[in-house]
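Quick note: numbers below take in every heavy atom, side chains included, and nothing from hydrogens, waters or symmetry partners. Every chain is numbered from 1, with letters handed out A, B, ... down the list of sequences.
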Amino acid sequence: MPELPEVETVVRDLRPLVVGRTIRAVRHGPKKLRKPWQAKWNPLVAGTRIEGIRRRGKWMVVNLISGRAVSAPRLILHLGMTGQFTAVDGAHPAPDHLHLVLELHQGRELRFRDPRRFGSVTFHADEAEVEAFFEQNGLGPEPFGLDPAYFRQAVRGTSRTLKAVLLDQRVVAGVGNIYADEACSLAGLHPQRRGKSLTPADADRLRGAIETVLTKAIEYRGSTIRDYVGGSGLRGGFQNEFRVYGRTGDPCRACGTAIACVRLSGRSSHFCPSCQPTHHKGTKAAQRTTKKTQEGIR
DNA sequence: TCGGCCCTGGGG
DNA sequence: CCCCAGGGCCGA
């Protein structure tokens with residue numbers, strides 16, 4: 001569920017609410033998350049102060065500082081499909097599927113809940129371990145300010161579909177199913193196009209589209225399809241701005257053609273059949289191919 | 001490089 | 001009842 005804009009929104013919401021606060025106690029639920037929280041971490045986290053919180057791809061990192069031990073441990077979180085990380089008044093009744101509670105000041109709590117349990121919260125001794133974690137993960141660069149040459153090579157150097165490339169966190173970190181479709185739509189490229197079929201200009205346009213759609217989605221505080229809420233419990237608003245995602249059968253906002261949906265990389269992939277043709281028509285070679293195909297059909 | 005799987009809940 | 005869902009990982 002939560003992709004880069006949603007995770008960024010959570011981080012921005014939580015920052016003023018929790019940075020500088022001391023974690024008085026830690027409680028955890030009985031159910032195992034994808035990477036299980038370990039009880040031995042409780043005493044390592046209790047008593048520390050939250051020094052900062054940041055996003056990396058779809059991951060969050062919480063910087064802790066432990067006064068007398070002079071250590072700077074970290075929490076790495078992932079929201080999976082249905083994860084929520086919120087700062088609330090502890091007087092609020094505990095919801096279902098609550099997995100970790102960090103007790104702060106004056107009854108305030110940082111809560112991690114996740115019905116489907118695809119998410120995780122893990123403890124790491126220091127910043128070096130965080131870097132090693134992302135390194136081992138093969139996590140790719142952030143999508144903002146991407147090197148154009150890098151992106152052209154990453155896309156045009158593969159026979160995979162654009163959908164598969166955009167979902168690959170090693171290529172670009174943070175894009176998921178919604179924003180992959182939206183970026184392809186904005187760039188006028190069919191998600192089933194093979195990376196190697198793109199011209200350098202196509203790749204540049206796609207790179208720009210990724211930045212544009214993610215930036216706009218952050219401004220709207222992310223997209224709420226179902227479970228997602230920001231760090232203060234508010235829903236997102238970008239779902240009302242979707243060009244193609246979840247709009248199967250609805251008219252394309254640009255040309256009126258019905259939005260279509262196919263399965264790519266195991267995910268529903270939405271596109272406008274008219275604005276996002278399967279193969280390019282720009283080059284002479286492509287025009288010849290198109291003509292031949294049409295003659296063949298006749 | 002793909003499909004299956006990990007989970008729970010909601011909708012048709 | 002079935003199918004679907006914003007993610008990632010693992011093995012054929």
Between CZ on residue A:R207 and CZ on residue A:F144, distance to nearest 0.5 Å: 13.0 Å
With A:R113, the side chain to side chain donor-acceptor pair (under 3.5 Å) member among A:Q84, A:H99, A:H97: A:Q84
Strictly below 4.0 Å: does A:Y179 bring a side-chain N or O up to OP1 or OP2 of C:dG6? no
I need the CZ-C1' distance between A:R34 and C:dC10, as an integer number of Å. 9 Å
Given atom CG of A:L4 and atom C1' of C:dG7, what is their separation to the nearest angstrom? 14 Å
In whole angstrom, give me the gap between the P atoms of C:dC9 and B:dG9. 24 Å
Options C:dG6, B:dT1, B:dC2, nucleotide nearest the side-chain atoms of A:R160: B:dT1
Any salt bridge linking A:R27 with A:E109? Criterion: basic side-chain nitrogen under 4.0 Å from a carboxylate oxygen. yes
A:D204, A:T199, A:D202 screened by side chain to side chain donor-acceptor pair (under 3.5 Å) with A:R152, the one that passes: A:D204
Heavy atoms only, 4.0 Å cut-off, all strands: where does A:R263 land among base, sugar-phosphate and nothing? sugar-phosphate
Answer yes or no: is there a side-chain heavy-atom contact under 4.5 Å between A:V19 and A:E51? no
Round to a whole Å and report the spacing from CH2 of A:W59 to C1' of C:dG6. 15 Å
So, is A:K31 near the phosphate of B:dT8, with a side-chain N or O under 4.0 Å from OP1 or OP2? yes
pair A:R111-A:L100: side-chain heavy atoms closer than 4.5 Å: no
With a 4.0 Å cut-off on heavy atoms, is A:T224 in touch with a base, just the backbone sugar-phosphate, or nothing at all? base
To the nearest angstrom, the CD-C1' distance between A:E3 and C:dG6 comes to 5 Å
For B:dC6 and A:K32 - does any side-chain N or O of the residue sit under 4.0 Å from the phosphate oxygens OP1/OP2? no
Rounded to the Å, how far apart are A:D227 CG and B:dT8 C1'? 9 Å
Please state how far atom CZ in A:R170 lies from atom C1' in C:dG7, giving the value in whole angstrom units. 14 Å
Using atom CZ of A:F85 as one end and atom P of C:dG7 as the other, report the distance to the nearest whole Å. 20 Å
Side chain to side chain donor-acceptor pair (under 3.5 Å), paired with A:S269, selected from A:Q192, A:R263, A:K163: A:K163
Charged N to carboxylate O below 4.0 Å: is that the case for A:K58 and A:E6? no
Helical stems, DNA chain C - three or more consecutive Watson-Crick or G-U wobble pairs below 3.5 Å: B:1-6 with C:7-12, B:8-12 with C:1-5
Phosphate-side-chain proximity, A:S268 and C:dC4, N/O vs OP1/OP2 below 4.0 Å: no
Let me know the distance between CE of A:M60 and C1' of C:dG7, rounded to the nearest Å. 13 Å
Can you tell me if the side-chain N/O atoms of A:R113 get under 4.0 Å from OP1 or OP2 in B:dT8? no
Mind checking whether A:W59 and A:F133 have ring centres under 6.0 Å apart? yes
Side chain of A:F118: nearest nucleotide among B:dC6, B:dT1, C:dG6? B:dC6
Any side-chain N or O of A:N137 below 4.0 angstrom from OP1/OP2 of C:dG8? no
For a quick check under 3.5 Å, do A:T82 and A:Y228 share a side-chain donor-acceptor pair by atom type? no
Separation of the P atoms in C:dG6 and B:dT1, to the nearest angstrom: 22 Å
Heavy-atom nearest nucleotide on DNA chain C taken for A:L167 and for A:R116; more 5' hit belongs to A:R116
P-based separation of C:dC2 from B:dC5 [nearest Å]: 15 Å
What does the list of N/O pairs under 3.5 Å between the protein and nucleotides 9-12 of chain B look like, with a distance for each?
unit_1	atom_1	unit_2	atom_2	d
B:dG9	OP1	A:H97	NE2	2.9
B:dG10	O4'	A:R226	NH2	3.4

Is a donor on one side and an acceptor on the other found under 3.5 Å between the side chain of A:D114 and the backbone of A:S120? no
